[in-house]
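Working notes, structure below.
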Amino acid sequence: MALSWYQVRPYAGRHTASVLILLFFFKLPAMYQPAHFRLQDDAQIRHLIATQPLAAVIGPDAAGQAFVSHLPLTLLEEEGKPLVLEGHMARANPHWAWLEAQAANQTEVLAVFSGPSAYISPQHYEHERNVPTWNYVAVHAYGRLDLVDEASAKDALLKRLIGQHEPGYAAQWRGLPEDYQSKLLAAIVGFRLRLTRLEAKAKLSQNRSALERQRIQAGLSQGSAAEQAVAQWMQRLGL
């Protein structure tokens with residue numbers, strides 16, 4: 001199944017956000033991975049997933065048209081067990097029917113996490129015969145989808161999401177009227193993605209000289225918040 005960019009349109013429901021990408025394909029493509037950009041440090045991969053937890057689910061809607069749903073995901077880790085990503089979407093979302101079908105078929109799902117990125121000017125290079133590029137960090141997480149539609153399980157899922165981003169809100173959630181909580185829980189569908197493999201890429205000028213990387217990092221450190229975040233990743237990886 002191929003997607004054309006002009007065919008993709010977003011669902012703007014209240015349970016949405018848009019930084020990361022979840023791709024659902026019948027045949028999953030692999031990430032383009034030059035060896036010098038490959039990120040293999042599990043701790044760094046987990047850090048990116050935990051700090052960039054927003055996802056966009058791309059695939060056909062109930063009418064078979066390409067569609068995008070933006071969702072937050074939470075990474076779960078249990079000793080001796082595969083990593084799990086969990087999330088939820090609005091039941092009213094027309095994308096739900098396709099998601100349900102994929103769960104029933106146990107089709108592999110790809111979650112693409114996009115970290116910080118920044119334009120890299122050739123002014124940092126030692127020679128004029130160079131062109132601009134774009135540096136970034138990304139993770140592809142492949143896995144199998146399980147649906148979560150029992151009220152108590154969805155309640156626990158939401159509490160884990162709240163606990164990660166605003167622990168202080170948990171008491172307010174528990175204090176809401178029971179019928180109100182039940183109505184909200186009925187309006188969403190949860191899911192878990194049992195991960196089978198991870199691919200990560202940190203394109204951070206590893207193919208440039210040490211002097212050029214030093215110049216790039218210094219320039220980014222004086223730039224915007226996004227540029228500074230890329231510089232921080234270069235520091236994290238000792239570049």
Side-chain angles (χ1 to χ4, degrees), residues 8-24 46 48-114 141-195:
V8 177
R9 49 195 173 85
Y11 171 69
R14 69 178 182 179
H15 296 284
T16 65
S18 58
V19 171
L20 315 175
I21 301 176
L22 262 177
L23 299 178
F24 289 77
R46 286 171 169 80
L48 187 139
I49 293 173
T51 57
Q52 302 287 341
L54 304 177
V57 178
I58 303 174
D61 62 13
Q65 300 296 311
F67 200 86
V68 180
S69 298
H70 302 282
L71 313 168
L73 297 179
T74 302
L75 179 65
L76 303 181
E77 300 184 62
E78 292 187 38
E79 188 174 353
K81 294 184 179 181
L83 291 175
V84 171
L85 293 169
E86 64 177 7
H88 67 281
M89 68 190 309
R91 192 180 297 275
N93 186 342
H95 203 179
W96 158 244
W98 188 80
L99 180 62
E100 183 179 31
Q102 297 313 301
N105 296 333
Q106 285 292 285
T107 302
E108 192 175 49
V109 174
L110 167 61
V112 180
F113 294 82
S114 298
Y142 301 79
R144 301 289 181 180
L145 195 73
D146 293 324
L147 297 182
V148 178
D149 207 19
E150 199 272 322
S152 62
K154 288 189 291 186
D155 179 68
L157 182 154
L158 290 179
K159 286 176 179 174
R160 282 189 290 271
L161 181 64
I162 293 168
Q164 180 175 344
H165 300 287
E166 191 182 9
Y169 176 74
Q172 182 176 332
W173 167 256
R174 289 192 296 269
L176 294 173
E178 187 174 342
D179 60 337
Y180 180 75
Q181 291 187 41
S182 298
K183 186 179 298 185
L184 290 178
L185 291 171
I188 65 171
V189 177
F191 61 87
R192 294 191 183 97
L193 186 62
R194 293 176 284 108
L195 300 185

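Everything numeric here is computed off the predicted structure, so don't read it as measured data. Along the sequence shown, residues are numbered consecutively beginning with 1.
At distances below 3.5 Å, not a single donor-acceptor pair connects side-chain atoms of K154 with backbone N or O atoms of G190.
A search for side-chain hydrogen bond (donor to acceptor under 3.5 Å, both in side chains) contacts involving E150 returns S152, not counting sequence neighbours. Among residues two or more places apart in sequence or in another chain, the salt bridge (Lys or Arg N to Asp or Glu O under 4.0 Å) test is passed with K183 by none. Every residue two or more places apart in sequence or in another chain that forms a side-chain hydrogen bond (donor to acceptor under 3.5 Å, both in side chains) with R91 is listed here: D149. With sequence neighbours left out, the salt bridge (Lys or Arg N to Asp or Glu O under 4.0 Å) criterion links R46 to E77. Partners of D146 under the salt bridge (Lys or Arg N to Asp or Glu O under 4.0 Å) rule, at least two apart in sequence or in another chain, are R194.
When every heavy atom of M89 is checked against every heavy atom of L71, the shortest pair comes out as CB-CD2, 3.5 Å. Across all their heavy atoms, L161 and P72 have their closest contact at CD2-CG, 4.1 Å. Between G87 and L157, the shortest heavy-atom contact is O-CD1, 3.5 Å. Smallest separation of non-hydrogen atoms from A153 and V148: CB-CG1, 3.6 Å. Here the shortest heavy-atom pairing between A111 and L85 reads CB-CD1, 4.0 Å.
Within the 4.5 Å cutoff, the side chain of L193 has no heavy atoms near those of the Y142 side chain. Looking only at side-chain heavy atoms (C-beta outward), L73 and F191 come within less than 4.5 Å of each other. In this structure the side chain of L75 reaches within 4.5 angstrom of the side chain of L83, judged on heavy atoms.
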For side-chain contact (heavy atoms from CB on, under 4.5 Å), just list the numbers for L145 and R192, CA-CA rounded to whole Å, side-chain angles, deciding distance to a tenth of an Å, and then say yes or no. CA-CA 6 Å; L145 195 73; R192 294 191 183 97; over 6 Å; no
Run the numbers on L158 and I188 for side-chain contact (heavy atoms from CB on, under 4.5 Å), then give the verdict. CA-CA 10 Å; L158 290 179; I188 65 171; 3.8 Å; yes
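Each side chain to side chain donor-acceptor pair (under 3.5 Å) pair with one or both residues in residues 161-179, not counting sequence neighbours, appears once here: D155-W173.
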